[in-house]
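We use all heavy atoms of the structure for the numbers below, so side chains are in, but hydrogens, waters and symmetry mates are not. Lettering follows sequence order; numbering is per chain, from 1.
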There are 8 protein chains.
Amino acid sequence: GELRLDLGRYSRCGVPEVIYGPGKRPDQIVEAFELLARSQQPALATRLTPDQAEALLMAFPAATVNSLARTVSLGSLPRHERTVCVVTAGTSDRPVAEEAAETARWLGAPVELICDVGVAGPQRLLAELPRLRQAAVVVVVAGMEAALPSAVAGWVAVPVIAVPTSVGYGANFGGLAAVLSMLNSCAANVTVVNIDAGFKGGYVAGLIARPHEPMRAGN
Amino acid sequence: GELRLDLGRYSRCGVPEVIYGPGKRPDQIVEAFELLARSQQPALATRLTPDQAEALLMAFPAATVNSLARTVSLGSLPRHERTVCVVTAGTSDRPVAEEAAETARWLGAPVELICDVGVAGPQRLLAELPRLRQAAVVVVVAGMEAALPSAVAGWVAVPVIAVPTSVGYGANFGGLAAVLSMLNSCAANVTVVNIDAGFKGGYVAGLIARPHEPMRAGN
Amino acid sequence: GELRLDLGRYSRCGVPEVIYGPGKRPDQIVEAFELLARSQQPALATRLTPDQAEALLMAFPAATVNSLARTVSLGSLPRHERTVCVVTAGTSDRPVAEEAAETARWLGAPVELICDVGVAGPQRLLAELPRLRQAAVVVVVAGMEAALPSAVAGWVAVPVIAVPTSVGYGANFGGLAAVLSMLNSCAANVTVVNIDAGFKGGYVAGLIARPHEPMRAGN
Amino acid sequence: GELRLDLGRYSRCGVPEVIYGPGKRPDQIVEAFELLARSQQPALATRLTPDQAEALLMAFPAATVNSLARTVSLGSLPRHERTVCVVTAGTSDRPVAEEAAETARWLGAPVELICDVGVAGPQRLLAELPRLRQAAVVVVVAGMEAALPSAVAGWVAVPVIAVPTSVGYGANFGGLAAVLSMLNSCAANVTVVNIDAGFKGGYVAGLIARPHEPMRAGN
Amino acid sequence: GELRLDLGRYSRCGVPEVIYGPGKRPDQIVEAFELLARSQQPALATRLTPDQAEALLMAFPAATVNSLARTVSLGSLPRHERTVCVVTAGTSDRPVAEEAAETARWLGAPVELICDVGVAGPQRLLAELPRLRQAAVVVVVAGMEAALPSAVAGWVAVPVIAVPTSVGYGANFGGLAAVLSMLNSCAANVTVVNIDAGFKGGYVAGLIARPHEPMRAGN
Amino acid sequence: GELRLDLGRYSRCGVPEVIYGPGKRPDQIVEAFELLARSQQPALATRLTPDQAEALLMAFPAATVNSLARTVSLGSLPRHERTVCVVTAGTSDRPVAEEAAETARWLGAPVELICDVGVAGPQRLLAELPRLRQAAVVVVVAGMEAALPSAVAGWVAVPVIAVPTSVGYGANFGGLAAVLSMLNSCAANVTVVNIDAGFKGGYVAGLIARPHEPMRAGN
Amino acid sequence: GELRLDLGRYSRCGVPEVIYGPGKRPDQIVEAFELLARSQQPALATRLTPDQAEALLMAFPAATVNSLARTVSLGSLPRHERTVCVVTAGTSDRPVAEEAAETARWLGAPVELICDVGVAGPQRLLAELPRLRQAAVVVVVAGMEAALPSAVAGWVAVPVIAVPTSVGYGANFGGLAAVLSMLNSCAANVTVVNIDAGFKGGYVAGLIARPHEPMRAGN
Amino acid sequence: GELRLDLGRYSRCGVPEVIYGPGKRPDQIVEAFELLARSQQPALATRLTPDQAEALLMAFPAATVNSLARTVSLGSLPRHERTVCVVTAGTSDRPVAEEAAETARWLGAPVELICDVGVAGPQRLLAELPRLRQAAVVVVVAGMEAALPSAVAGWVAVPVIAVPTSVGYGANFGGLAAVLSMLNSCAANVTVVNIDAGFKGGYVAGLIARPHEPMRAGN
Ligand SMILES: Nc1ncnc2c1ncn2[C@@H]1O[C@H](COP(=O)(O)O)[C@@H](O)[C@H]1O
Ligand SMILES: Nc1ncnc2c1ncn2[C@@H]1O[C@H](COP(=O)(O)O)[C@@H](O)[C@H]1O
Ligand SMILES: Nc1ncnc2c1ncn2[C@@H]1O[C@H](COP(=O)(O)O)[C@@H](O)[C@H]1O
Ligand SMILES: Nc1ncnc2c1ncn2[C@@H]1O[C@H](COP(=O)(O)O)[C@@H](O)[C@H]1O
Ligand SMILES: [Mg+2]
Ligand SMILES: [Mg+2]
Ligand SMILES: [Mg+2]
Ligand SMILES: [Mg+2]
Ligand SMILES: [Mg+2]
Ligand SMILES: [Mg+2]
Ligand SMILES: [Mg+2]
Ligand SMILES: [Mg+2]
């Protein structure tokens, strides 16, 4: 195999290596899933083209495809009860949110999705506060001026993972406006990942949500 | 005189030329006020050093000094009843907000100041909605991630003039984060002026607030 | 419905939510228009693809299509007599100007369009001053160095909404040069919206132009 | 009082409002501490000048001063046993690391500080792995090219909060190189806060480290 | 001598090497003037501190000091009759304009200075058109949005050398807004030099203004 | 006609308005040429698509097409004897150089083209010095690090117009590296136009090269 | 021939001119190879399209094609024994690494390729240390946060040539994050070339690896 | 001791850890030198304040101070005969060049310094070619447009290490123009280090110049 798959990551980092699709041939990705399956590790691949996804599904008919998220997963980490809440500002942030949700689910968390509650219609967020405040951690996905993470953070007692998106135009400069906005959040409980990095947002949220005891054991 | 003061601006633009302090000697600024006074025009100077302000006060004991705003004014345009509301996100945005307030007052508007209602403590803004919704126009002054203008804009039926400030540190890059955020506001009623430009925010708000009839006449 | 349409925006902000086309399926946009129509609200959609526009026209044969502006509207807010003047610097700024004009018209304003009066041919603007000075508010659409808003602002007594465009090449950096230029305007009555945001320019201009009395009532 | 202190933040967000020093008079900060003390809330102030710190110490002799961190605290949130590990790349990153450590301690966590283990001397990090892998969460403070968070993240099964610093010169552009590097980390468990924002790094780490049960109750 | 003065530049480039002050000791600058004087070349030094200027004046009492321009010159190139016109937008652009004027004069050109004719007061430029249109070349010095070069260029049949200045604040980003604006001028006869580079503006203008015949000889 | 062609530009600026192709329909461009022809003005259009060029050639069989330069011209300004020299650094800078050459020729100048003399092969430029030093003005077209204008400027006694190109990759950032390099040239006789703006480089060079006497008359 | 090939570069710089493919017709590239072959110089062409590569192979059946690297070479410089080690962080950095390897081989060096040893799986690099430490010089190819060059540099006693790639997304801004990261490396033995410039990385490594004696002779 | 000095770097990387002055107390730096001296390693400290340098000199009277370079060294690595040539463009680049020279000397190389040969006076570099072409490696130190590395690289058969400086003003943006220019050099033998990083330039040059045999042994 041409890939140097990091099979030790599950024991070292508590999560198996996740396959990043761009630049890999479908057969390489299938091979990676086979290696993981053979060593009893759950598998996840992200940013897949339809061709890559199809090849995986052919080889692993039991795999789960999320075409909006552009992910395929096989198995998952142990499931628990601490919810990850994924919130989006607008309709176009949905694919990034799906990638975050899919990743958090694969890490074992129940996921709540709250869509389209951007600050321009502020009563929408207020109406969702009860659901939001149940979460063990919140992922907020937003583009344009990305005001939503700060607005959410002011209402919850848990970490907020802000995922900037490239949604918007003009002076958004491909997500620069959103990522700068989030880094400068006046709310103390906000951290930030890369632009359009739903995967990372869901991953860190998944780690935070995991019950403490099993993790200790997993170390 | 070394200054080419634009004395025709009052008739042409409905407001006299405002004196911008930086780079001018105190005697030059006093001379500008004298020229305006002699031609019966109200006067305003901004971004003054203490020395410049003092020289103006010596020459015009009736002038109004606002040391937080760093302005001096003499007279004002005709007063009316349509309120300009100036809102700040945090304590450090105050000086820019004062400059905006002072300018709008000089243009004839009653001014309401609502301070320290940033989104990290969202119930603070909700408590001020009744006062906010009286205004003919709202000026929102915010630094860091500048989420407040979008949050305010979602609650009002009037234009929101967003004034980014250089308040913050690190990835605020001197106000860049705030100005990009505001330009990308998902709220349709938000427009933006330069970083720390309280003067401009107050000026445009003052123009918008003016009753229509007198303006027509003034054209 | 997958969309969380903000039907309360008309009463809260005095204007119904406007539909932003990118990333939405034609049937989603048609559904949004249906919801607005059912609750007696005028409707506007922007940045439409030909497919989206066609779907709307099929469902609402009475709708108005502006293919240059890429908008479709159904009904409008109450019409009044205070003019919005939309000015362009060059021929290529036209589509953005059309979007601004279409939005202002939908908000109820009569619109005057003055095209191709960039500063390289300064006598063209001088010839249009009488028309320009009738307006209750001016929208200036310009790319490249975006000198026109300052040039216009020096001749009028009303707010100037500057809309930077991505027209140009090289060191325009997709509209960055224009938006920085406009933010730094030495004219006090200039505010700025996002690059290519004709919609926002027309929206704010439409709000400013509205007669004061009805607005009060609308609050 | 001129400050609109957000006294409800403790119950709403599980942590009292933290006082940000810049731009506040010493007496304003003392007043804020008094308000917090009176309502039985622990207090923390950051980015203090020596004058501000001294005023606090005069008024509250029981307060804890950390002059490297530029913080003063009074009381703390309930202490627990889950460790926050703060790691620095170089000697000059120490003040930011101290701010992070002080904040995490105030939130109730035991803190381990591992200094000066940048990647140019890779055996230093390897030697600290046992201590590092005990932590419930890791804060990595690094300037220049900020390679350390990725290097640390590859060895642990918990979230890594990366704090970029402005340490370095030239093409670091005040921390821009570090923050971009961290946002692009190829390790999935890395999130990022603002440049030099030791406070935020420590805050989020403190939230993550908190035992789950008390938090539920605190909601 | 520590300096490698380029004494051949006069014959090679038609103008002697000009001394750039920053980073040189006063005695080094005096020595450079001595070398030039000894080889019969006129001398010019720019961006001088008061100490450097004084040392030059002590050594060369016949030298010309312009303290606004921060230049000292000794002799000049052959004088001719083709005028360089230097135009400024605002009062604060004056020092850069003086440096340009001083350099053009030293290159032999008569200089006309037209100050404070920024586009916010457009009738000021219109009033100066007759004087402006006499020039063989125009240097336009402007900060903030730098609209003036395009406005001037539309009225003249000669090259316009645009000198951006760092005058302004906020989103001027130290002159970035002005230099981008000028590079994107829609007027075809505009070229640009570095920010605050009055020297370069005056130098190129001086070269352009020189009568053709003597230059040919000088080659 | 939809175009507001500036027919007064010839008398005002000494050169007719040049037609900029992008965003115009072929028939609009043909109409512009007809207007110019009818008023006895030479015509030039730039940045043409093959379709636009063909439409012009159909309507004006006497027109001159340069497909590398993407220009079409009809007639020219009065021819003279003062040469414009256009120099390129590498093979890929050729199209921009052709646009410059075509524009200068249309303005009446004889043009010398010296290609592919970038500094990586320094003997190539040295070999061309005699030809280079005949020119009345030099246009240097270069991408990547754009060292050539400074290297050329050190050998000539005339203005150098530097045209940055977007040639290169990676950290050239679409020509940003080249334009910054040129603005910072340590040679005093270098001015700069927009990235890829061969038209502007050739235009200003053409203005500078024009004999003085006819210009005076043309004013 | 239209190309001004620098045939003296072999004797002047110790390596023949390398042909850069973009913007050249296949026949021009074949002609360049013919010129080099005729003067007994080895030839290399980079960044070739399939068409360009095929034309070369038709004309020179003995040429070596590397389609991943997009290079074609004919002959090579004298081979020696000092190894160039090329290291990549991830799978997608492979094409840039191949270009580096191919260039170093053509310069005469044996090349070792170590792939996919990014810092997220740190044990992978540790396992390769023995091979890595044999090299006379190391080329490290990395995108995203580009932490690998610093990590490698801490283990070797030779220069490290860092080649940033545009691999990644979002806040990598086309390789900007990687190049800034590398320039700020805290390891003293790291130098940097352009983004995606495998050619340059391999070239400088090839120069460094060359045995000293032959080079002297080649001067 | 508070510093975690990397005493193994000499054996691992062939050069002892170099002390970076900023942010360290004088006694900390003295302690570092003592640790190095005690383990028989030569010592170098860079970017020292006068106080830091004095403390070192008091403790180690045999140390070598270079106040222009702001370095102090004690002993050196084994001396050899392969020259490092350090070239500067202008007078103000001297301190950075001295830091490079001092570092290369400490690494054992003889150093030739060639100053003030920027491209604006091109005959100066031509006159130094014989000296330049003796070097085993060349360090080129340049600010502003940084054309010199490409110009030098075209004449030599060895690697060129380009050190950008922050010398200049305006659109140099603190050295950004220089570093971008150098990264885009059309000469294949140019690599780049951080802005003002004379230390790094001298370090890599010193590594390259070292005779091969001793290095092998040192591995
Ligand atoms: N604080 C301010 N910020 C921006 N522009 C201002 C300010 N105060 C006054 N101005 C404008 O500055 C212009 C005067 O510039 P100057 O000719 O340099 O005095 C006037 O046209 C005012 O509209
Ligand atoms: N060092 C710090 N960096 C960033 N934010 C802080 C810091 N210290 C306190 N804060 C936040 O600043 C806010 C207070 O801002 P202000 O209203 O301007 O006092 C609080 O909500 C804190 O969460
Ligand atoms: N290639 C070009 N680059 C920049 N400006 C040009 C170019 N060709 C023509 N122009 C200018 O573009 C202006 C016409 O713009 P428009 O009104 O959009 O047609 C004229 O004033 C010309 O001076
Ligand atoms: N892949 C490459 N990246 C950067 N420069 C290259 C590359 N391949 C060749 N070159 C250089 O490009 C120059 C040729 O440019 P040109 O004259 O446009 O063909 C030569 O001096 C080579 O050193
Ligand atoms: Mg919505
Ligand atoms: Mg507050
Ligand atoms: Mg036009
Ligand atoms: Mg250290
Ligand atoms: Mg003025
Ligand atoms: Mg070539
Ligand atoms: Mg991998
Ligand atoms: Mg010099």
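Here the closest heavy-atom approach between residue G/Ala177 and residue D/Leu180 is recorded as CB-CB, 3.9 Å. Heavy atoms only, all atoms of each residue included: G/Asn184 and D/Ala171 are closest at ND2-O, 2.9 Å. The two atoms that bring G/Ala147 and D/Ala147 nearest to each other are CB-CB, 3.6 Å, heavy atoms only. Pairing each heavy atom of D/Ala151 with each of G/Val119, the nearest pair is N-CG2, 4.2 Å.
Only the side chain of G/Phe173 has a heavy atom closer than 4.5 Å to any heavy atom of chain D. No part of G/Ala146 comes within reach of chain D, as not one of its non-hydrogen atoms sits under 4.5 angstrom from that chain. Neither the backbone nor the side chain of G/Leu148 comes within less than 4.5 Å of any heavy atom of chain D.
When side chains are defined from C-beta on, D/Glu145 counts as touching G/Cys186, because their heavy atoms get closer than 4.5 Å.
The environment of CD in G/Gln123 is crowded: more than 12 heavy-atom neighbours from other residues, nucleotides or ligands sit within 6.0 Å.
Expressed to the nearest 0.5 Å, how far OG of G/Ser150 lies from CE of D/Met144 amounts to 10.0 Å.
Of the listed residues (G/Ser185, G/Gly143, G/Gly168), the one with the most heavy-atom contacts under 4.5 Å to chain D is G/Ser185.
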